[in-house]
Number of protein chains: 2
Amino acid sequence: MSDLGAALRARGMRLTPQRRRIVDALTSLEHGTPDAVAAKVADDGGATLPLSTIYRGLDALEELGIVSHTHLDHRAPTYHLADHATHIHLVCLGCGTVSEAPIATAADFAGNVRDATGFDPDVTHMAIHGWCAGCRGDKQ
Amino acid sequence: MSDLGAALRARGMRLTPQRRRIVDALTSLEHGTPDAVAAKVADDGGATLPLSTIYRGLDALEELGIVSHTHLDHRAPTYHLADHATHIHLVCLGCGTVSEAPIATAADFAGNVRDATGFDPDVTHMAIHGWCAGCRGDKQ
DNA sequence: TTGAATGCAAAAAATTTGCATATTG
DNA sequence: CAATATGCAAATTTTTTGCATTCAA
């Protein structure tokens, strides 16, 4: 996929084997923290990449819009390919459980935001915090 | 507000002066990282609270649903009172700028999620990542 | 050739934990 | 009184940085 190379070059950046490996790892992982990406990259063979390269690579790819991230919990930025269509993550503030909802539920929301502000939201993989059915009851 | 005390007690927790100060700080700050809360608490007079107490206090209050948090960027959990009505945060992945949108834009979205999953999303203060008008152009 | 990216090691942040002591209920 | 919270210090965990070297374009 020289699409990747072209996108990078268009911004004065370069396509390195490390970045290619990061994208590959993300492709098979679908979701992952920088740490998980490093593990996957190592798994796929070849030399281990230092975390710093992972971080810098993910940043660069995110700047390009090829990669994006959400926070499922306090301590874990979760990265994914931007064009990988999936679900919305529902994170319960009570029990911490992460469930999912179809992106369709956010379709008109994205439109509303775009219309109202000109901001183009990435609702794919969006993380929403709230209360699951069980914990909602406990609150009372 | 002994509501706070009652809520805590109902869960076997206690209302301490430290927790009260944290809530007060959050009330006047509206938004803040644990660090900012600590600073505000100190500002309001009295002894400085160790960060660990802030963290534990915010956690306890969040468990109760009195406080909630979002991630505006990689490194900063931003806490706020759950019942403080405000806006949605739009965080640009390109330039990092944080803009806002009225909560109204998410009203039906919240309903959709609730209907589809039984999960009660806290859309107040929700952080959405995406691309601002300026950066969206750059991407091309 | 030349600036961008990597590797490594060291530094900074940010968050959590252990435990004795103080406090709330 | 008993159990929960605090304070402090130390330990973790996560992320960032400096710099010499390598490599893509």
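No hydrogens, no waters, no symmetry mates; every other heavy atom, side chains included, goes into these values. So you know, we letter chains A, B, ... as the sequences are listed, proteins then strands, and number each from 1. No experiment lies behind these values; they were computed from the predicted model shown.
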Have a look at A:Gly57 and say if it touches a base, only the backbone sugar-phosphate, or nothing, with a 4.0 Å heavy-atom cut-off.
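Contact class for A:Gly57: none.
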Does any non-hydrogen side-chain atom of A:His129 lie less than 4.5 Å from one of B:Ser68?
no
Measure the shortest side-chain to side-chain distance between B:Pro34 and B:Leu58 over non-hydrogen atoms and say whether it is less than 4.5 angstrom.
yes
Any side-chain to backbone donor/acceptor pair from A:Arg19 onto A:Arg14? Under 3.5 Å, distance only.
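Confirmed, A:Arg19 side chain pairs with A:Arg14 backbone.
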Under 3.5 Å, side chain of B:Thr53 to main-chain N/O of B:Leu49, donor-acceptor pair present?
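Not a single qualifying donor-acceptor pair exists.
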Every protein N/O lying under 3.5 Å from an N/O of nucleotides 22-24 of chain D:
| unit_1 | atom_1 | unit_2 | atom_2 | d |
| --- | --- | --- | --- | --- |
| D:dA24 | N3 | A:Arg14 | NH1 | 3.3 |

Closest contact, heavy atoms only, A:Ser99 versus B:Phe119:
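Nearest heavy atoms, A:Ser99 then B:Phe119: OG-CD1, 4.2 Å.
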Between C1' on D:dT15 and CG on A:Asp59, what's the gap in Å once rounded to a whole number?
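Going from CG in A:Asp59 over to C1' in D:dT15 covers 10 Å.
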Just the rounded figure in Å: distance from P of D:dG7 to CZ of B:Arg19.
11 Å
Should A:Asp24 and A:Arg20 count as an ion pair when the cut-off is N to O under 4.0 Å?
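No, this pair does not count.
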Rounded to the nearest 0.5 Å, what separation is found between the [atom1] atom of [X] and the [atom2] atom of [Y]?
| X | Y | atom1 | atom2 | value |
| --- | --- | --- | --- | --- |
| A:Leu29 | A:Thr78 | CG | OG1 | 11.0 Å |
| B:Leu4 | B:Arg9 | CG | CZ | 8.5 Å |
| B:Leu72 | B:Thr70 | CG | OG1 | 4.5 Å |

For chain B, the stretch of DNA chain C it reaches, first to last nucleotide, under 4.0 Å of its heavy atoms
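Both ends considered, the range comes out as C:dA13 to C:dG25.
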For the residue pair A:His87 and A:His31, categorise the inter-ring angle as parallel (less than 30°), tilted (30 to 60°) or perpendicular (more than 60°).
tilted
Does anything in residues 49-56 of chain B reach DNA chain C, meaning a heavy atom under 4.0 Å, and if so which residues?
B:Ser52, B:Tyr55, B:Arg56
What residues, two or more places apart in sequence or in another chain, satisfy side chain to side chain contact (heavy atoms under 4.5 Å, CB included) together with A:Thr48?
A:Ala42
Taking only residues two or more places apart in sequence, or in another chain, which ones meet B:His71 in a side chain to side chain contact (heavy atoms under 4.5 Å, CB included)?
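Testing B:His71 for side chain to side chain contact (heavy atoms under 4.5 Å, CB included), a comparison that skips the adjacent residues, returns A:His71, B:His69, B:Pro77.
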Take B:Thr124 and B:Asp122, measure what side-chain hydrogen bond (donor to acceptor under 3.5 Å, both in side chains) needs, and give me the verdict at the end.
CA-CA 5 Å; B:Thr124 323; B:Asp122 173 17; 3.3 Å; yes
Relative to the 5' end of DNA chain C, which residue comes earlier, A:Arg21 or B:Met13, by the nucleotide with the nearest heavy atom?
A:Arg21
Measure the angle between the two terminal helix axes of the helix from C:dT1-D:dA25 to C:dG25-D:dC1, five base pairs each, and quote it to 10°.
50°
